[in-house]
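Structure record follows, encoded as structure tokens.
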Amino acid sequence: MNALLEQAIQRDDTWIGGFNVGELNVSTYRRCQSTGYAPLDAVLTGGGWPLGNTIELLSDGHGLGAMGVFLPIMHRLSSRGQWQAFINPPCAPYAPLLEARDIPTEQVLLVHTDSKEDILWSIEQAITHNTCATVFAWLGHHRYSYAELRKLQLAATEHDNLIVLFRPLSAADEHAPACLRLKVSAYREFEIIKQRGGKQQIQVNLPASDDLPNQPQLWELPVSTTQQATIQTVAYP
């Protein structure tokens, strides 16, 4: 494609076939990577997770029962040698499970904050400095304006990283700029409530057969929180 045409297409004020590129985000299709689950890839725009965008996962269980769905992409992105950041996680990542999936625990960075402002600041820093291949952030029950979330979305578009924001189910009715919004419907079940350029209100079931044999199951919560590996922790007062 001609460089000038490509530049024009990427502008937020360019319209193509009735769609504003800032909303459709054409670059999303080029920056998708497989989730590692065929049923999910089949219904996602671009056939996988949209990198360089924010993804929202809505759950009243902090998304803990859904974290396993991100392990394949975490493994793939670990080859970059960057941090895999967990901002305000409700539980520490289970080191034996990460090791079983060949995700280096020395790449895991835990960030703990005390306020909404610190949460937003930490996420933005992790995104803009491009030191984290993945950013998982738990936003809690704070109220966030569209402008605050839009700022994170715009920062995410500068790099090809996986940015996942965990929010409660009560946020489902709020207007959000995330490229993809998923709701945890039940055990191993998701509902796509928003995705740019693709179908919505779609139920996706991930069968147990998708788990890799002879390794810890993706959906099990550990019975012990004892960590036998190096995980870096940062706390902001």
Side-chain angles (χ1 to χ4, degrees), residues 25 27-28 30-36 44 46 48-57 59 62-64 66-95 97-140 142 144 148-167 176-182 218 227 229-237:
N25 195 356
S27 64
T28 295
R30 294 196 301 273
R31 298 199 283 183
C32 286
Q33 286 203 22
S34 171
T35 65
L44 289 178
W49 297 124
L51 304 186
N53 286 276
T54 53
I55 298 169
E56 286 192 2
L57 193 145
S59 165
H62 304 292
L64 292 178
M67 273 303 300
V69 76
F70 297 110
L71 290 179
I73 188 67
M74 288 179 67
H75 168 64
R76 193 174 305 118
L77 295 180
S78 68
S79 63
R80 297 183 182 181
Q82 297 175 300
W83 290 111
Q84 308 230 26
F86 290 72
I87 299 175
N88 273 8
C91 298
Y94 189 43
L97 175 57
L98 297 178
E99 291 173 334
R101 295 284 166 165
D102 293 324
I103 300 169
T105 54
E106 62 270 18
Q107 292 181 0
V108 175
L109 177 67
L110 304 185
V111 179
H112 300 287
T113 66
D114 291 328
S115 69
K116 168 188 168 181
E117 291 71 24
D118 286 341
I119 293 173
L120 291 171
W121 183 86
S122 299
I123 298 170
E124 186 177 1
Q125 296 304 304
I127 295 173
T128 57
H129 288 287
N130 196 30
T131 56
C132 302
T134 63
V135 177
F136 299 104
W138 282 260
L139 273 58
H142 301 291
Y144 294 89
E148 288 171 327
L149 298 175
R150 177 66 172 166
K151 188 176 182 181
L152 299 180
Q153 167 64 20
L154 289 175
T157 61
E158 297 298 319
H159 307 288
D160 292 338
N161 301 323
L162 178 73
I163 314 297
V164 182
L165 309 178
F166 292 88
R167 304 184 68 190
C179 175
L180 172 66
R181 303 185 86 198
L182 301 168
L218 296 183
Q227 304 293 304
T230 300
I231 292 179
Q232 300 293 322
T233 303
V234 177
Y236 290 101

Do the ring planes of F86 and W138 sit parallel (below 30°), tilted (30 to 60°) or perpendicular (above 60°)? parallel

Hey, what do you get for CD (E148) to CD (Q153), rounding to the nearest 0.5 Å? 15.0 Å

Less than 4.5 Å apart, any side-chain heavy atom of F70 and any of L57? yes

Please name the pair of heavy atoms, one in C32 and one in P50, separated by the smallest distance, quoted to 0.1 Å. SG-CA, 3.8 Å

A side-chain contact here means heavy atoms from C-beta on lying under 4.5 Å apart; do W49 and L180 qualify? yes

Just do the side-chain contact (heavy atoms from CB on, under 4.5 Å) check on I123 and L139 with the steps written out, would you? CA-CA 10 Å; I123 298 170; L139 273 58; 3.9 Å; yes

Spacing of CG belonging to L120 relative to OG belonging to S115, to within rounding of 0.5 Å: 8.5 Å

Between OG1 on residue T128 and CG on residue L154, distance to nearest 0.5 Å: 12.5 Å

Take R101 and M74 through the side-chain contact (heavy atoms from CB on, under 4.5 Å) test and state the conclusion after the steps. CA-CA 9 Å; R101 295 284 166 165; M74 288 179 67; over 6 Å; no

At their closest point, which heavy atom of E56 faces which heavy atom of A178, and how far apart are they? CG-CB, 3.7 Å

Please assess L162 against R76 for the test side-chain contact (heavy atoms from CB on, under 4.5 Å), listing each intermediate value before the final yes or no. CA-CA 11 Å; L162 178 73; R76 193 174 305 118; over 6 Å; no

Heavy atoms, side chains only, cut-off 4.5 Å: are R31 and T157 in contact? yes

With a 4.5 Å cut-off on side-chain heavy atoms, are I73 and T134 touching? no

How far apart are the closest heavy atoms of R80 and A133, and which atoms are they? CD-CB, 4.2 Å

Nearest non-hydrogen partners of V135 and A126, listed with the distance: CG2-CB, 3.9 Å

Candidate pair N130 and Q82, rule side-chain contact (heavy atoms from CB on, under 4.5 Å), full reasoning: CA-CA 8 Å; N130 196 30; Q82 297 175 300; 3.8 Å; yes

For the NZ atom on K116, are there more than 12 heavy atoms of other groups (residues, nucleotides or ligands in this structure) within a distance under 6.0 Å? yes

Looking at CG of L110 and CH2 of W83, how far apart are the two atoms once the value is rounded to the nearest 0.5 Å? 9.5 Å

Which atom pair, heavy atoms only, marks the closest approach of D160 to L51? O-CD1, 3.7 Å

Any I127 side-chain heavy atom under 4.5 Å of E158 side chain: no

Would you please name every residue forming a ring-ring contact (aromatic ring centres under 6.0 Å, His included) with Y144, sequence neighbours left out? none

Would you name the heavy atoms of V111 and S122 that are closest together and state the gap between them? CG1-OG, 4.0 Å

Side-chain contact test, heavy atoms from C-beta onward, threshold under 4.5 Å: evaluate it for T35 versus L44 and give yes or no. yes

Rounded to the nearest 0.5 Å, how far does CZ of R181 lie from CD1 of I55? 12.5 Å

How far does CG of L98 sit from NE2 of H75, to the nearest 0.5 angstrom? 12.5 Å

